[in-house]
Amino acid sequence: MIICVCFNSFLRKLNCFELDLSLVCNIMASSGVLENPTGNKALFIKTYGCQMNVYDSDKMAKLLEPLGFILCNSASNADLIILNTCHIREKATEKVFSELGRLRKLKTEGFKNGRNVLLAVAGCVAQAEGSEIITRAPYVDLVFGPQTYHRLPNMVMEATNSLKGSEINGAGIIDTDFPIETKFDHLPTDTKSSTSAFLSIQEGCDKFCSFCVVPYTRGTEASRPVEQILDEGINLVKAGAKELVLLGQNVNAYHGLSKSGKEWSLSRLIRELAEIDGLARIRYTTSHPKDMDHELIIAHAEVPQLMPYLHLPIQTGSDRMLKAMNRKHDVAFYVKIIEKLRAARPDIALSSDFIVGHPGETDNDFADTIRLIMEIGYSQAYSFKYSPRPGTPASNLEQLSDAAKSDRLQTLQQLLNEQQLSFNMRCINTSQKVLVERRRDRDGRLTGRTPFMQNVSFDGPIRLLGELIDINIEQATGKSLFGKVAIKEQYSGHVIMNKNYSEGRKHA
Ligand code: 5AD
Ligand code: SF4
């Protein structure tokens, strides 16, 4: 799936997908990357996958600014092309190799015109495949994993100096370490931010679900120190962010160290971030049910900036499959958490991930998933056919047919789409607080999101960008809401930052 619509839609996507190139450039533009006055080299980044990759691509671009690289929105004239890859589902690797095949022509053309076009593969495919990439595509210059991109400026300089002058062979630099020093100690400070900014607080995962490559590609769980996160949060808000989206593969397992050496939980961190003057909204993703502790649930009731929306994947509604997936909890445990969340914050909107066709899944198991979805009622959710990933336990088991997976996926998505549409329809004739994030090129309309992560579009002047305003919702589809600015005076208003002010609406 290629997402090429808008920034909002990718924020709504909590899972893996491909990001359109120009979209990434828009994001970079909004964070100031296009404004490097000294730049005379063009950088093109194609970002695949999750929000973490978007965050990483943004940082790579900023790291390369001092070398004079300016982001551009096309690979054709770029001096450095980076594919920031995702390995979560099948064919990722093949897609990268076919993309490299296409890009090779640009490298060859550049060579004929006396230009050295550098080609880099970053992210989880780079981490998983390493030198295999250079073996299959010797014209690639750089291969580096998610933990070493802070060394990118050095790698680029090395590649530039060591170019062998051949259109066949690239510089062949590989860095897939899990270094002791962390990249976060070397990342540049944000001077300009988008209205909604990603803030990576945790990486990797120790859960080892049967189907998932993350523990192998992103490594075991690591939390960034509290101080570093607070500094980045404060900087982002100073640079224009009104919303922080805290990122981690298993974000609610966060247990970073404070200055005094104490471990902080995610809820404690959220409460501290909520003190940042000018920060209107906080979100976090992606969470595991086992790490949804009482304090975090209570934070949803007590911290007004914490939005009433939670992406809490369960993957399947069958106890048998939860066990097979090594999810470490059963359905009753998940349902209990949802009950507690709804007791704490009755209007909370819920999202999940579902996998159909994991090895061993029967019709009965699938029926259990459908029953659970009907019981919970989701505002949106993401669903995938199980895809065997090399090196993961489930990939060695007997596989279901693709036809069976497709049938189940279709049934499941139909139900989820109905739930999403009905959730959105219930907003018609209500007023929603919308944080205005961007102006759509297509029709000039402004777009933003409700507290519940729904995308809203409406007509309004550009000065509303970055504002939190009331929108009267008039129409709804499964994907979006449409409405009008509620009160004229708000055209010149500012974001409401009163700590006692609580966003949201109760659902009927
Ligand atoms: N096959 C299908 N879906 C997967 N996911 C992770 N690994 C796989 C796989 N091998 C999905 C899970 C996870 C989301 C990020 O991607 O639902 O929550
Ligand atoms: Fe993958 Fe499971 Fe960890 Fe999520 S909790 S990142 S699905 S191993």
Side-chain angles (χ1 to χ4, degrees), residues 1 3 10 12-18 48-54 86-93 123-125 127-128 146 200-223 247-254 266 284-292 310-318 321-329 333-334 337 350-361 366 369 372-373 378 380-397 399-400 402 404-406 408-409 412-413 416:
M1 169 177 41
I3 306 292
F10 96 73
R12 286 166 56 89
K13 297 282 155 197
L14 294 161
N15 298 298
C16 288
F17 50 80
E18 277 174 40
Y48 301 77
C50 60
Q51 293 100 325
M52 192 73 87
N53 268 13
V54 175
C86 169
H87 203 236
I88 201 118
R89 274 175 292 275
E90 218 176 331
K91 301 201 181 102
T93 311
C124 292
V125 172
Q127 190 66 44
S200 175
I201 67 165
Q202 180 279 336
E203 263 197 86
C205 182
D206 292 343
K207 293 283 190 295
F208 290 92
C209 297
S210 62
F211 50 83
C212 185
V213 287
V214 166
Y216 312 96
T217 54
R218 288 272 174 175
T220 53
E221 211 177 277
S223 297
L247 298 182
Q249 266 89 30
N250 195 3
V251 74
N252 60 342
Y254 178 81
L266 178 59
Y284 59 94
T285 193
T286 290
S287 297
H288 191 288
K290 282 292 275 183
D291 297 310
M292 210 61 224
L310 181 63
H311 181 66
L312 189 64
I314 181 165
Q315 315 291 354
T316 168
S318 150
M321 294 321 295
L322 281 171
K323 200 156 197 299
M325 289 177 170
N326 192 29
R327 291 287 293 178
K328 302 174 172 68
H329 66 85
F333 179 86
Y334 176 84
I337 287 171
L350 295 164
S351 166
S352 178
D353 290 338
F354 294 97
I355 296 179
V356 297
H358 182 278
E361 187 187 71
F366 180 64
T369 302
L372 177 76
I373 294 173
Y378 291 95
Q380 61 173 72
Y382 305 93
S383 45
F384 315 97
K385 286 196 255 185
Y386 168 73
S387 150
R389 309 309 297 125
T392 58
S395 65
N396 301 320
L397 303 174
Q399 302 296 315
L400 270 72
D402 191 57
K405 290 184 203 173
S406 297
R408 286 179 191 169
L409 189 67
L412 185 119
Q413 289 188 334
L416 291 171

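Throughout, residue positions are numbered sequentially from 1 according to the sequence presented. Order of listing sets the numbers, starting from 1, for every ligand and every atom in it.
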TODO: May I ask you to identify, for Phe384, whether its side chain, its backbone, both or neither come under 4.0 Å of ligand 1 on a heavy-atom basis?
DONE: side chain
Open item on the list: Taking distance alone, with N or O pairs closer than 3.5 Å, would you say Tyr386 contacts ligand 1?
Closed with: no
Open item on the list: Please report the interatomic distance OG1(Thr369) to CD1(Ile314), rounded to the nearest 0.5 Å.
Closed with: 8.0 Å
Task: Closer than 2.8 Å to atom 3 (Fe) of ligand 2 - protein N, O or S atoms, ordered by chain and residue number - done: Cys205 SG
- [ ] Output yes when the distance from some N or O of ligand 1 to some N or O of Ser387 is under 3.5 Å, and no in every other case.
- [x] yes
- [ ] Using only heavy-atom distances, determine whether the side chains of Gln127 and Thr217 contain a donor-acceptor pair under 3.5 Å.
- [x] no
Open item on the list: What I want to know is whether Ile355 and ligand 1 share at least one N or O pair that is separated by under 3.5 angstrom.
Closed with: no
- [ ] First locate atom NZ of Lys405, then atom CG of Leu400, and finally report the distance between them rounded to the nearest 0.5 Å.
- [x] 7.0 Å
Task: With sequence neighbours excluded, residues passing ring-ring contact (aromatic ring centres under 6.0 Å, His included) with His288 - done: His329
Open item on the list: Only heavy atoms of Phe211, strictly under 4.0 Å: list the atoms of ligand 2 that pass.
Closed with: 7 (S)
TODO: Only heavy atoms count here, so choose which of Arg389, Arg89, Met325, His311 is nearest to atom 3 (N) of ligand 1.
DONE: Arg89
Open item on the list: Suppose I only count heavy atoms of Gln315 and a 4.0 Å limit; which atoms of ligand 1 are within that range?
Closed with: 12 (C), 13 (C), 17 (O), 18 (O)
Task: SG on Cys212 to CZ on Arg89, rounded to 0.5 Å - done: 9.5 Å
Task: Which atom of Thr316 lies closest to which atom of Phe354, heavy atoms considered - done: N-CD2, 4.3 Å
Task: Spacing of CG belonging to Asp353 relative to CZ belonging to Phe384, to within rounding of 0.5 Å - done: 5.0 Å
Task: Spatial distance of atom NZ (Lys328) from atom CG (Asp291) [nearest 0.5 Å] - done: 10.0 Å
TODO: Could you list which atoms of ligand 1 come closer than 4.0 Å to a heavy atom of Ile88?
DONE: 6 (C), 7 (N), 8 (C), 9 (C), 10 (N)
Task: Interatomic distance, Arg408 atom CZ to Lys385 atom NZ [nearest 0.5 angstrom] - done: 12.5 Å
Open item on the list: With a 4.0 Å cut-off on heavy atoms, is Lys385 in contact with ligand 1?
Closed with: yes
Open item on the list: Out of all atoms in ligand 1, which are within 4.0 Å of some heavy atom of Asp353? Include the element for each.
Closed with: 13 (C), 14 (C), 15 (C), 17 (O), 18 (O)
Open item on the list: Counting neighbours of NZ on Lys207 that are heavy atoms of other residues, nucleotides or ligands and sit closer than 6.0 Å, is the number greater than 12?
Closed with: yes
TODO: Would you please test His358 and Ser210 for side-chain hydrogen bond (donor to acceptor under 3.5 Å, both in side chains) and show each step?
DONE: CA-CA 9 Å; His358 182 278; Ser210 62; 2.7 Å; yes
- [ ] Check if Arg327 has a non-hydrogen atom at a distance under 4.0 Å from any atom of ligand 2.
- [x] yes
